[in-house]
Number of protein chains: 2
Amino acid sequence: MNDLDSFLNFLCKIQPLSPEGQDAILSLCSQVPIAKNQNLQDIGQKCHTIYFVKEGLARIFYLKDGIEVTEYFAFENDLIIRAESLFRDKPSTKAIQALENTVFIGIPAEALFSLFDQFAEIERLFRKIIEQAYVNTVIRMEAIQFHPAEERYAQLLAEKPNLIQRISLKHIASYLGITQVSLSRIRAAVR
Amino acid sequence: MNDLDSFLNFLCKIQPLSPEGQDAILSLCSQVPIAKNQNLQDIGQKCHTIYFVKEGLARIFYLKDGIEVTEYFAFENDLIIRAESLFRDKPSTKAIQALENTVFIGIPAEALFSLFDQFAEIERLFRKIIEQAYVNTVIRMEAIQFHPAEERYAQLLAEKPNLIQRISLKHIASYLGITQVSLSRIRAAVR
DNA sequence: CCCGTCCTTTTACAAATGTTAAAAAATCAA
DNA sequence: TTGATTTTTTAACATTTGTAAAAGGACGGG
């Protein structure tokens, strides 16, 4: 019994993997515990690692005029990568931060890509994972493009009701593309 | 000599393909000419086809309170898919429309996915294509999330200076997430 | 327990954007 | 060209959201 079993199980639901394939992935996985409010990766670093959240909660954020803007929240089993750095080999303008005590699973990208030659099933797995990430981003962009902030907040609450208990409002506000003052107003109006 | 040569060449730059792989893809490609302002795919249809623009110009749009919102523009060789329908097998709330007389290249998704078993190189090609699309969407979301409309307009002009000659301002406005009135004001202020 | 820090709300005001309507300009077809 | 249609601009006003500052709460360290 390995404590990455539930993670492997999660992967196999996306794409069934042979025992050999599973072992190959496992051999690349390392667990990285990060304390609450600490960064897993800092702004300015090139991203060479694909991360998942094993337990805890994390976000990607960047700085806009000195203010932190949250781009993405990752919960258990969620993929968390800085795609614009990883797939373009450029330094990232974003950081990955643990919002709770969090254990990440890290997979070195180069080593993983090498596995693709040997295991087509693993390439397929990650193709599907990226497809899902892509679809999620398209859907989120639609929301942010033309829905007023109040709708976006309501929608977020409907999708992830427990979010509000685990994440501070200022992070939620910047994720919604508004200020925390504005979010406070929205909450007051709903109440 | 086949008139899809330039398209094949475009694909091979992303991922080199064997002659057999190239033939396999070609055998699935059909060309679909659509007249200006006509829809290639309508709202409500399930999307089962992966499209590229061979020549011309197209967009994806949806209706928000009866008003058309442009989600995406596709120029020559650009991928144009309604990802949330294609990868989730749901009816799309979006339409694909030709903004000029346009020739699309269509590849049936199911048949393509079957090729993946036979040609790992083709699966890799489409993995990379989706990765690129994903990165582009992440970057666009960052822009729309926290940059004011005026910046987004300036950035769009810098990236695609010829866009303004080919696309009406109302479409550009909705792509930027603002009304056409607002875009007119921005243009007047810059002038 | 108290203090300081950080988070959240509230207030007042400013700026940006939406809405509606109408005018001006451009486009297109007969 | 003319007339009809569409696109773009302009105007006036309403609404939303941002900014800055202050006040109240929550929370942890000493």
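- In this structure, R187(B) places its CZ atom 15 Å from P of dT7(D), rounding to the nearest Å.
- When the nearest nucleotides of DNA chain C are assigned to K36(B) and P148(B) by heavy-atom distance, the more 5′-ward of the two goes with P148(B).
- Between the P atom of dT5(D) and the CG atom of N37(B) lies a distance of 17 Å, rounded to the nearest Å.
- Counting non-hydrogen atoms under 4.0 angstrom, S182(B) reaches the backbone sugars and phosphates but no base.
- One can place CD of Q180(A) at 13 Å from C1' of dA21(D), the figure rounded to the nearest angstrom.
- Following rounding to the nearest Å, H171(B) (NE2) and dT6(D) (P) show an atom-to-atom distance of 13 Å.
- Taking only side-chain atoms of S168(A), from C-beta outward, the nucleotide of dT8(C), dT8(D), dT17(D) with the closest atom is dT8(C).
- Within the 4.0 Å cut-off from OP1 or OP2 of dG18(D), at least one side-chain nitrogen or oxygen of T179(A) is found.
- Counted by atom type alone, R140(B) and Y72(B) present zero donor-acceptor pairs between their side chains at under 3.5 Å.
- Distance I67(B) CD1 to dG18(C) P: 11 Å, rounded to the nearest Å.
- No donor-acceptor contact under 3.5 angstrom links the side chains of T102(B) and E55(B), judged on distance only.
- Looking at N9(A), its side chain never comes within 3.5 Å of a backbone N or O of S6(A) through a donor-acceptor pair.
- Taking atom NZ of residue K64(A) and atom C1' of nucleotide dT19(D), one finds them 15 Å apart after rounding to whole Å.
- At whole-Å resolution of the value, CD in E151(A) and P in dT17(D) are 10 Å apart.
- Here dT17(C) presents its C1' atom at 14 Å from CD1 of I144(B), a figure rounded to the nearest Å.
- Distance from the side chain of K170(B) is smallest for dT8(D) among the nucleotides dT20(C), dC7(C), dT8(D).
- Phosphate contact (OP1/OP2 of dT10(D), side-chain N/O of R185(B), threshold under 4.0 Å): absent.
- For the residue pair Q15(B) and R124(B), no side-chain donor N or O sits within less than 3.5 Å of a side-chain acceptor on the partner.
- Picking from dT19(C), dT19(D), dT8(C) the nucleotide with the shortest atom distance to the side chain of V181(B) gives dT19(C).
- Both cation-pi conditions hold for R127(A) and F113(B): the charged atom is under 6.0 angstrom from the six-membered ring centre and inside a 45 degree cone around its axis.
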